[in-house]
Chemist: 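This is the structure I want to talk about, given as structure tokens.
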Amino acid sequence: MTHVLRSRVAAAAVVVGIVCAGAPVLAGPAVAAPRPSLTQSRTLPDTDVVSRAVEVRWADAHWNWTAWNDSTPVAFGSAQPEYQCAEFVARAMAAAGLVPGLGPDDPQSDYFNYTAPNGKVYDLLLISELPQYNNLYAYLQDSGVGQDVGDQPGQAQPGDIVVTYLGPGGTLSHVGLVAQAATDTTEATVDAHNNARLDYGYHYYAPSHLVRLVPNALLEVWAWTAEQRLLHPTPAAPATPSPRSRLALPTDPAGPQV
């Protein structure tokens, strides 16, 4: 455990050096000024303020796209069967540098078969729980970038993730990105896909859990990357699962969301 901890610290130090040297770790859209609600509930490290702002800015700009490569807008509340919830959140995370090796404009196939630094293949188009796939939630947990704190909407900060449990047997069914934190008079809001939602009330996604980005999430995920590349220098190419059927699924949040 001590050896692993030291390797994480050393890797983090390397990442800090890269960031401070101006490497394009946060390559993506220009960063907008953080919304006033960004620091209301808890103080965030500087790197978190930046990466969360990138996530929310990207989500606000893409919430009504028809497909990942089609900016034709759909109306608020309309279905987006070719650009569903998990993909939308994963691309927002990628825009902020939280999915190493992926960019927000990379092909959909790269999200369907994403080989992470730990050698595992994840389907980042998926939030539903299918035993043969590692979904977006699994990536959040395995990478250490996300912490599931349960039903805690009052802790939600922009850039955090909300997951809905309306799948078979109370399993995961939907996911969205927190856009604004709660205030004394308003609840937190969420951007999501399929159906298209911008700044929609957090309660709509119940029953839900908040997956909070860990402190210094950007440094954490890149430290994890460095550590895993030391542990898995030449991973064997994993077998590719058979493609899932791309069916038009029920409107959010009820039912599995692919």
Side-chain angles (χ1 to χ4, degrees), residues 55 59 63 68 77 79-94 98-99 102 108 111-116 118 120-157 159-179 187-197 200-214 217 221 238-258:
E55 279 187 283
W63 69 275
W68 71 273
Q80 298 153 295
E82 300 303 319
Y83 194 2
Q84 299 193 28
C85 61
E87 181 180 358
F88 174 67
V89 171
R91 287 185 184 275
M93 292 177 58
L98 298 176
V99 189
L102 276 187
Q108 199 174 58
Y111 283 78
F112 176 47
N113 289 304
Y114 169 60
T115 302
N118 61 359
K120 292 174 67 173
V121 176
Y122 295 84
D123 181 355
L124 301 181
L125 308 179
L126 180 72
I127 193 62
S128 301
E129 298 178 43
L130 301 178
Q132 67 270 44
Y133 294 94
N134 299 306
N135 62 10
L136 175 62
Y137 183 88
Y139 170 75
L140 289 165
Q141 300 299 300
D142 292 349
S143 66
V145 74
Q147 178 187 22
D148 189 329
V149 296
D151 185 16
Q152 299 290 340
Q155 296 184 21
Q157 288 289 312
D160 288 337
I161 294 148
V162 56
V163 291
T164 302
Y165 287 84
L166 283 176
T171 56
L172 288 162
S173 61
H174 193 46
V175 63
L177 188 81
V178 176
E187 66 179 340
T189 65
V190 175
D191 291 351
H193 264 216
N194 199 45
N195 294 1
R197 309 285 181 186
Y200 212 57
Y202 188 103
H203 76 278
Y204 180 76
Y205 298 91
S208 62
H209 281 194
L210 177 70
V211 180
R212 210 168 62 181
L213 294 183
V214 297
V221 76
T240 302
S242 58
R244 288 182 289 107
S245 174
R246 304 296 297 169
L247 299 179
L249 297 174
T251 57
D252 65 315
Q257 294 290 313
V258 189

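Since this is a predicted model, take the numbers as computed values, not measurements.
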Chemist: Using the side-chain hydrogen bond (donor to acceptor under 3.5 Å, both in side chains) criterion, which residues pair with D148? Sequence neighbours excluded.
Modeler: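 If we apply the side-chain hydrogen bond (donor to acceptor under 3.5 Å, both in side chains) test to D148, skipping adjacent residues, the hits are Y137, H209.
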Chemist: Is the backbone of Y205 close enough, under 3.5 Å, to the side chain of T164 for a donor and an acceptor to pair up by distance?
Modeler: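 Yes, the answer is positive, given that a donor and an acceptor are paired below the 3.5 Å cut-off.
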Chemist: Provide the closest heavy-atom pair for Q108 versus E87 in the form atom of the first, atom of the second, distance.
Modeler: NE2-OE1, 2.8 Å
Chemist: So Y133 and F112, would you call those rings parallel, tilted or perpendicular, with 30° and 60° as cut-offs?
Modeler: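 Ring orientation of Y133 relative to F112: tilted.
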Chemist: Could you tell me whether a side-chain N or O of E55 sits under 3.5 Å from a main-chain N or O of A92, the two making a donor and an acceptor?
Modeler: no
Chemist: Holding to side-chain hydrogen bond (donor to acceptor under 3.5 Å, both in side chains), I want the full list of residues that pass it with D142, two or more places apart in sequence or in another chain.
Modeler: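 Residues passing side-chain hydrogen bond (donor to acceptor under 3.5 Å, both in side chains) with D142: K120, Y122.
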Chemist: Among L98, V99, L213, whose side chain to side chain contact (heavy atoms under 4.5 Å, CB included) with V221 holds?
Modeler: L98
Chemist: Side chain of Q80, backbone of W63: donor and acceptor closer than 3.5 Å?
Modeler: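 Between the backbone of W63 and the side chain of Q80 there is a qualifying donor-acceptor contact (under 3.5 Å).
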Chemist: Please give me the minimum heavy-atom distance between I127 and A86, naming the atom from each residue.
Modeler: N-CB, 3.9 Å
Chemist: Not counting sequence neighbours, which residues clear side chain to side chain contact (heavy atoms under 4.5 Å, CB included) with V214? List them please.
Modeler: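 With neighbours one apart ignored, the set is Q147, A217, E220.
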Chemist: Under the side-chain hydrogen bond (donor to acceptor under 3.5 Å, both in side chains) test, which residues partner Q141, sequence neighbours left out?
Modeler: none
Chemist: What are the two closest heavy atoms between P153 and A188, and how far apart are they?
Modeler: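 That closest heavy-atom pairing would be O-CB, 4.4 Å.
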Chemist: Provide the closest heavy-atom pair for V121 versus N134 in the form atom of the first, atom of the second, distance.
Modeler: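 Distance-wise, the nearest heavy atoms are O-ND2, 2.9 Å.
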Chemist: Would you please name every residue forming a side chain to side chain contact (heavy atoms under 4.5 Å, CB included) with A90, sequence neighbours left out?
Modeler: Y111, L124, L136
